[in-house]
Amino acid sequence: MSRLISSLLRAAANLRQNWATSSITTGIIAISLFLVGGYLMLAHNLGNVVIGWKSDVRVTAYLRDGFPISDINHLMDEISGYPEVESVIYITRDQALEEFRAMLDKENNLLEGLEEYPLPASLRVTPRRDYQNMDGINSILARMGDDPLVEEVNYGQEWLGRLEKVIKAFHFIAVGFGIILCLAAVFIISNTIKLTVLARRDELEIMRLVGATEAFIRTPFLIEGLIQGFAGSAVSLAMLTLLYRVLIARMDSAIYKILGIGTINFIPSGSVIAILLGGMVLGGLGSLASVGRFSRK
Amino acid sequence: MSRLISSLLRAAANLRQNWATSSITTGIIAISLFLVGGYLMLAHNLGNVVIGWKSDVRVTAYLRDGFPISDINHLMDEISGYPEVESVIYITRDQALEEFRAMLDKENNLLEGLEEYPLPASLRVTPRRDYQNMDGINSILARMGDDPLVEEVNYGQEWLGRLEKVIKAFHFIAVGFGIILCLAAVFIISNTIKLTVLARRDELEIMRLVGATEAFIRTPFLIEGLIQGFAGSAVSLAMLTLLYRVLIARMDSAIYKILGIGTINFIPSGSVIAILLGGMVLGGLGSLASVGRFSRK
Amino acid sequence: MIQLFHVSKWYQKDVPALQDTNLHVPKGDFVFITGPSGAGKSTLLKLIFAEERPTNGQILVHGRNIARLPTSRIPTLRREIGVVFQDFKLLPNRNVFENVALALEVLGMPRRDISRRVWLILKRLGMHHKMRANPLTLSGGEQQRVAIARALVNEPLILIADEPTGSLDHDASDRIMEVFTDVNARGTTVIVATHNMGMVSSMGRRVVHLDSGRIVQGETL
Amino acid sequence: MIQLFHVSKWYQKDVPALQDTNLHVPKGDFVFITGPSGAGKSTLLKLIFAEERPTNGQILVHGRNIARLPTSRIPTLRREIGVVFQDFKLLPNRNVFENVALALEVLGMPRRDISRRVWLILKRLGMHHKMRANPLTLSGGEQQRVAIARALVNEPLILIADEPTGSLDHDASDRIMEVFTDVNARGTTVIVATHNMGMVSSMGRRVVHLDSGRIVQGETL
Ligand SMILES: Nc1ncnc2c1ncn2[C@@H]1O[C@H](COP(=O)(O)OP(=O)(O)OP(=O)(O)O)[C@@H](O)[C@H]1O
Ligand SMILES: Nc1ncnc2c1ncn2[C@@H]1O[C@H](COP(=O)(O)OP(=O)(O)OP(=O)(O)O)[C@@H](O)[C@H]1O
Ligand SMILES: [Mg+2]
Ligand SMILES: [Mg+2]
């Protein structure tokens, strides 16, 4: 216990005496982790944008003419009971025509001659968020089976397939760059610490010459590294919070609408903890490893 | 001249004698610039993906019935003469119906009863790449004016407006993160160099005590910084090239198709030069500034 | 008890710093090592506290064979030995008190005892008024006395002093020698390398004279 | 010609390192500065080559007022002065040759001339065989001779030596004093701070004795 206190005191003294070096190291740790955190925030929010895109996924079941409304209601009840389904709406022929007109926008007058919409009435089935993908759609289709009421089913298979692949490609790129960024942060932080330890080789040697054990020498270095790592990651989180607030305050809410998200989110709390722990582990282990490296000639 | 040579020799000797420090510094410069370059490559190629999206931009001019084909040909010739226009195609009512059927995909049988497409024949005008935006479309429309042959014009104004805003938002985010990344690289590199100079304060002091002028002391530091900066940026470019080759070789050509690009590109040559120069300027000036900072007590 | 058997040290291929040296320093002895610059005095001392390892030969310190001592056992050895380094080896970013206290901290001594003992030894060497000063701001002689204080503060079994009075005037040197005589009288084995022949002769102690890496006077096995 | 008028140096508030000191060292003189440890010898020397600035008083070196010399003019001053530092101040990552050559490189001398002159001075001090060695691998006395070589190699107008024989044996010290006498005979003003009273008296030169920051013997205005 008294050993730990004495190590802590020595670590604190070292940090004070090498304040220039310590603050630069802390700064570099902070900036490196800020990059990682900033990228995480970016990726996290762009991920939400992409999820937003997928919310257009739905199944249209065109109905055969001539069935009574009670049959249709019964089918709707059944479908909305599926665990994968969020909602079911009945679209009449007239509504479909209305929508088609709205889609064609200004060209309404072109459709003046068209009295009846060429497509039949349909049920519009929106899956729950977790099922807004190929697998989800397929399991809804499997449940629906071959109902006599349903003439045709359409869910933009081509479009959905393409979207899923685009998302996969983006995901691959995003994760790839994220990994590179993390590795770079680890490299930069550990090597910065190595530089600071290199500059203190004389100190290490003198300690050894007066009979200090490796544990005695390394404990304060470990503590210094932990403190610098903690301070660095705390600063990086503070900078992230600042960035987040600036973005929230300054960014046009129009942009959010365009991107199809309600607002931007901060990085998830798991990532906050990961940054704090990561900083400390990198600082502490980096310091320890560097001392070990200049351990004996 | 002999002064420069002597400075060069001293710089080379210093690099050799502080090889551990020098190589770590070079490594940190390399990794930092690699991040910047890697991000540039990413942004550059995603930019191409976005440009690909815009290639869907085109103007559809619905034609009034009853005009002779010679009039239509004449109008087509006129439009294809516009500097903004890439191509003009004539789409007959039958072709339009075919396309509509293809769009509705499997539901062809639903349209069995439909003999004639509700929309009239049209001209499909594709703008040149530079004019695939609101402004370009508007200037084409201005040229076309109120031609008696044209009943209605449609160019998906809503969709294009939205796309342009999304692109603007992405551009804003991409540039923002790029700036943060560049600033972080500058911070990390300059502070790493400051650490190495801090570790050599004694050397600076001894040089001053034997009568060295500031120029004599700083020139080798400047040269060392330039060399480290150059080596670092060269290594970063080598790593980028490697990354590029791996991506080219490993990435499924399907992904390119999904993303709508032919292949991925390396960063533009201007950026290559910027990275090389940036590394050298950062290395050189960082070194110089750090020496100046510990100049006199 | 320190014993060297046919010890050689070759830093480089061409010339040995120490050659086939035999020496026996009994417990409680007081020995001067003399010889011209580059004779190998510091090398001989460094071998005893394992800063350098011998190229050939065996070294026994309190029964331990230094030539074969595993690295992990070196700290234990060094804590029994107080060393005054020729170049002082003070930590530049700790003050005088902290530098001296270091020799006790490595032993795990409680902080209260450390304070008392550091103060006493600094007082004895006339350096207590500079306790809070940084070594870099001390005069040469003051630094040397801090180095001596650090070597003595843990009351070592063996005191090794490499040119401990090189930066000190005659009176101060005499006072240091009194302190050394005193700790020697309490049982510490003392080995001092020096050029100061006046001091050596006035002390009337055993003298080992080195020249070009060989003991030319005072060798014993 | 070096002149100090009422010079004081206070590093800290409580005690001055040098107090109201007057001194005149004519061109070509050879002066010893003596005094106990902490008396202010090194401080006095540091003031002359502007490592430290005086708190009060004026210092003239070859007509320049050091107390008011702008920082940018200091290198010119220092190139006229060869200094043997008490702690040597050798660059640890350059070899012996490069350390000595540094004093000529700062003058912008061609490399060929540098090689010749460095070799000659190292030979004269018996250190030419260690030309490629790193200072960290040298014995204390060897390092001191390299420091002396660096101070002498540019044939300075003034030679300032702070305890230049503290790590040297009697014979080596005598040889150094011969070299100093020789450069003095060629016109270099020599100022040596030392504790070695035997050497001082055998040389029969002017002695300035310092104690607690005051000149107690040999003061002149
Ligand atoms: N680490 C080393 N590497 C190479 N040579 C060394 C090393 N240490 C010492 N030497 C050489 O070994 C020889 C003996 O050195 P040592 O330091 O033992 O001499 P010394 O008797 O202490 O001299 P001094 O009185 O000058 O301190 C010297 O020539 C020195 O240059
Ligand atoms: N940079 C400094 N800051 C504070 N005090 C200092 C500084 N340099 C020297 N001193 C103090 O000034 C006094 C005189 O120091 P100086 O180095 O001139 O002594 P000296 O005569 O050279 O002694 P020695 O013979 O031990 O080298 C000493 O008490 C010393 O502690
Ligand atoms: Mg020695
Ligand atoms: Mg002094």
Side-chain angles (χ1 to χ4, degrees), chain B residues 1-26 193 195-225 227-228 287-288 290-297, chain D residues 45-46 48-53 69-95 97-115 134-136 146-147 149-154 156-158 160 162:
Chain B
M1 196 59 215
S2 95
R3 289 211 150 224
L4 186 65
I5 290 175
S6 121
S7 295
L8 273 169
L9 288 173
R10 281 192 294 136
N14 284 339
L15 286 172
R16 190 162 31 78
Q17 279 144 351
N18 304 313
W19 70 267
T21 309
S22 306
S23 53
I24 290 176
T25 310
T26 305
I193 290 175
L195 277 183
T196 65
V197 175
L198 250 161
R200 286 167 70 184
R201 263 175 303 184
D202 289 356
E203 186 181 332
L204 291 177
E205 202 212 322
I206 292 176
M207 304 261 276
R208 293 198 177 98
L209 284 176
V210 299
T213 57
E214 286 305 307
F216 180 89
I217 293 170
R218 291 184 194 186
T219 314
F221 271 88
L222 172 67
I223 295 172
E224 281 174 62
I227 292 175
Q228 290 178 338
S287 195
L288 213 53
S290 302
V291 179
R293 188 174 263 249
F294 306 115
S295 189
R296 353 195 145 273
K297 336 161 201 187
Chain D
L45 300 184
K46 284 175 186 172
I48 296 173
F49 58 90
E51 182 177 346
E52 297 288 353
R53 302 286 190 141
L69 197 67
T71 318
S72 61
R73 307 282 303 144
I74 289 180
T76 326
L77 168 78
R78 289 187 181 155
R79 291 192 218 158
E80 295 175 1
I81 305 180
V83 183
V84 183
F85 298 93
Q86 193 168 8
D87 55 356
F88 313 153
K89 292 204 191 297
L90 300 175
L91 290 171
N93 50 5
R94 313 249 180 135
N95 66 30
F97 176 90
E98 290 163 344
N99 265 282
V100 178
L102 184 63
L104 297 177
E105 280 173 8
V106 299
L107 300 177
M109 189 178 281
R111 293 187 76 76
R112 179 167 314 182
D113 298 357
I114 291 180
S115 298
N134 185 299
L136 295 177
V146 176
R150 186 179 60 191
L152 289 173
V153 72
N154 63 347
L157 293 173
I158 302 172
I160 290 178
D162 198 350

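Lettering follows sequence order; numbering is per chain, from 1. Source: prediction; values computed, not measured. Side chains included, hydrogens not; waters and symmetry mates left out as well; all remaining heavy atoms used.
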Just by modelled atom types, is the B/V291 backbone N or O under 3.5 Å from a matching donor or acceptor in the B/R200 side chain?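 Answer holds: no.
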Most chain D-contacting option - heavy-atom pairs closer than 4.5 Å, from B/I217, B/T213, B/L209: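 So the answer, after comparing B/I217, B/T213, B/L209, is B/L209.
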Who wins among B/V210, B/I206, B/L9 for the most heavy-atom pairs under 4.5 Å with chain D?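 So the answer, after comparing B/V210, B/I206, B/L9, is B/I206.
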Most heavy-atom pairs under 4.5 angstrom with chain B, which of D/V83, D/V106, D/T76?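 If we count pairs closer than 4.5 Å to chain B, D/V106 comes out on top.
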Which answer fits B/R10, side chain, backbone, both or neither, if we ask what part of it has an atom under 4.5 Å from a heavy atom of chain D?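 For B/R10, the side chain is the part near chain D, not the backbone.
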Starting at CG of D/L102, measure out to CD of B/E203 and round the result to the nearest 0.5 Å.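 These two atoms lie 9.0 Å from each other.
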Let me confirm one number: the OG1-CD distance from B/T21 to B/Q228, rounded to the nearest 0.5 Å.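 The CD atom of B/Q228 is 9.0 Å from OG1 of B/T21, to the nearest 0.5 Å.
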Chain B contact via [X] - side chain, backbone, both or neither, heavy atoms under 4.5 Å:
X     : answer
D/L77 : neither
D/E98 : side chain
D/R94 : both

Indicate yes or no: at least one non-hydrogen side-chain atom of [X] is less than 4.5 angstrom from one of [Y].
X      : Y      : value
D/L69  : D/R53  : yes
B/S7   : B/I223 : yes
D/R150 : D/L90  : yes

